[in-house]
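For reference, the structure discussed in these notes is given below.
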Amino acid sequence: EEYDTDAFHNDYPMASADYVPHTHSYSTTVTAPTCTEKGYTTYTCSCGDTYKADYVDATGHSFGDWYQTLAPTEEAAGEERRDCENCDVYETREIEKLEPSNPSGTCGDNLTWVFEEETGTLTISGTGEMDDYASSTTPWDSYSNNIYEVVINNGVTSIGSCAFEGCSYLTDVSIPDSVYSIGHSAFALCVNLTHIVIPNSITELGSAVFNECSDLQYVSLSTALLTINDSVFRDCKSLSSIDIPEGITIIGNGTFSGCTSLTDITLPASIEELLPYAFWKCTGLKTVTFEGNAPSIWEGDEYQYGSFTECELTAYYPANNSTWTSDVMKDYGGDLTWIGYDGDSTYSGPCGDNLNWEYSEESGKLSVSGSGDMYGADKLGWTAFAGDIRSVEIGNGATSVGAYAFSDCTNLADVQMPDTVMSIAYNAFENCSNLSGSLIIPEGVENIGYAAFKECTSLTGTLSLPS
């Protein structure tokens, strides 16, 4: 350090001869850098002189790991934070809201349900019975119009009443062998359900289980069922056929009523009761085949109509079964034409109040026996075989040939009528184009109706009329 010696001598008295000039001696203090401030060294002399030097850059923040301070929900975003390890500074960032979780809950003591909104699949899991519900009270009711598939996992033992009622877009249902019962109306009004397989573990179907499933076309019934309860398939208008397993003993009131696409039905020998209205308004039903005894029908004012009310069809029954009587046949209602059958392709049935007929497929022969007037064609079961009948023998005691009785029997070549016949009704043999040779009308005939032999174009021989 340089000094002005002239000034020094002017301001201060002369120093003694042993004076030593001051030389700085600095001590150092190091100030470490911080996250945001530079570090440096402070130099201090005993004389009070001080200065700063040797600067070091700020270190910058050193943050730790992120940790959650506010959990996200489906309704609001969350937050996470990380702290500087060297100071009090911290950073925060948003955690996105949670994706909506699949709705879920319980539906039995040990059963849970989950609805996958993306796929429209409702899954039932666990063990034991499902709760029963009233209409529109299921825990998944608010999603019912979005359910396309129902998966019931193994372990579930029952499907509760009204469980899936009104799931109008439901198309697929999987039921495991662990299920033994389905409660009433469980799938009622599932109007887009087209098929259902009811496993053989199921022993009970509640009433109206598939009521008004208007698109239901195919059903596989459990072989363990004993009863098909009331209205189970009522108004399933697309159901065209169904196999009723041997072992079913009761078909309930209105079970198939309004199944207008149903064309034929076979009732196994196990059927004991066929309740009123069972096939009411099955207007497309053309044939029903009974394989066993005549099923009983409940009686009383409440059940005053038969099982086939408003149906027009042909009913087949075991010809040699004594439970089938003309009185019993009247109890089933509707407009039924009865045909008895046996094991050797022989069919029979009533053709008058006291007349019966029998037809052999093998010989093509139709025989009529008994006494009294013959019904018209609308009540004659043999019209189902009209094109195959080759000969007709009307036994002694029959008093008439009914209207259109043998019309369109195009292969009929021979007719034998007794003298007890007094009238041949209109169109009785119309279009019997293979009837040939001479025509001999029995002596007892007093009246031949209009067009009785119209279009019998092969009759070229002698016509013999009674006196």
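Counting begins at 1 with the first residue of the sequence. The structure presented is a predicted model; accordingly, all values stated were derived computationally and were not measured.
- Residues passing the side chain to side chain donor-acceptor pair (under 3.5 Å) test with T29: none are found, sequence neighbours excluded.
- Ring pair F290/Y317: centre-to-centre distance not below 6.0 Å.
- For Y375, there are no ring pair (Phe, Tyr, Trp, His ring centres under 6.0 Å) partners at least two apart in sequence or on another chain.
- Contacts classified as ring pair (Phe, Tyr, Trp, His ring centres under 6.0 Å) and involving residues 213-232 (residues at least two apart or in different chains) are not found.
- For residues 81-105, no pair satisfies ring pair (Phe, Tyr, Trp, His ring centres under 6.0 Å), with sequence neighbours left out.
- Y26 meets the ring pair (Phe, Tyr, Trp, His ring centres under 6.0 Å) test with H24, Y51; sequence neighbours excluded.
- A search for side chain to side chain donor-acceptor pair (under 3.5 Å) contacts involving Y133 returns nothing, not counting sequence neighbours.
- N192 has its side chain out of reach of L170: every pair of non-hydrogen atoms, C-beta onward, lies at least 4.5 Å apart.
- For Y347 and W357, the distance between ring centers is not under 6.0 angstrom.
- Side-chain contact between I265 and T289 is absent, with no heavy-atom pair separated by less than 4.5 Å.
- Residues T287 and D264 have side chains that never bring a donor and an acceptor to within less than 3.5 angstrom of each other.
- Not a single side chain to side chain donor-acceptor pair (under 3.5 Å) links E455 to another residue, sequence neighbours left out.
- Residues satisfying the side chain to side chain contact (heavy atoms under 4.5 Å, CB included) test with T28, not counting sequence neighbours, are T41, Y43.
- For the ring-ring contact (aromatic ring centres under 6.0 Å, His included) criterion with F210, the lone passing option out of F164, F256, F187 is F187.
- Here F308 pairs with F279 under the ring pair (Phe, Tyr, Trp, His ring centres under 6.0 Å) rule; sequence neighbours left out.
- Environment of CD in E312: sparse, with no more than 12 heavy atoms of neighbouring residues, nucleotides or ligands closer than 6.0 Å.
- Other residues, nucleotides and ligands contribute only 12 or fewer heavy atoms inside 6.0 Å of the CG atom of D109.
- With a 6.0 Å radius and a threshold of 12 heavy atoms from other residues, nucleotides or ligands, E37 has its CD atom at or below the threshold.
- Proximity of Y332 to P295: side-chain heavy atoms (C-beta onward) are separated by under 4.5 Å at one or more points.
- Checked against side chain to side chain donor-acceptor pair (under 3.5 Å), T266 has no partners two or more places apart in sequence or in another chain.
- Screening residues 234-256 for salt bridge (Lys or Arg N to Asp or Glu O under 4.0 Å), with sequence neighbours left out, gives D235-K237.
- Aromatic ring centroids of W382 and Y359 lie 6.0 Å or more apart.
- In this structure, the ring pair (Phe, Tyr, Trp, His ring centres under 6.0 Å) partners of H61, at least two apart in sequence or on a different chain, are F63.
- Put simply, the side chain of H195 does not reach to within 4.5 Å of the side chain of L193, judged on heavy atoms.
- A distance of 11.0 Å separates OG1 in T69 from CZ in R93, rounded to the nearest 0.5 Å.
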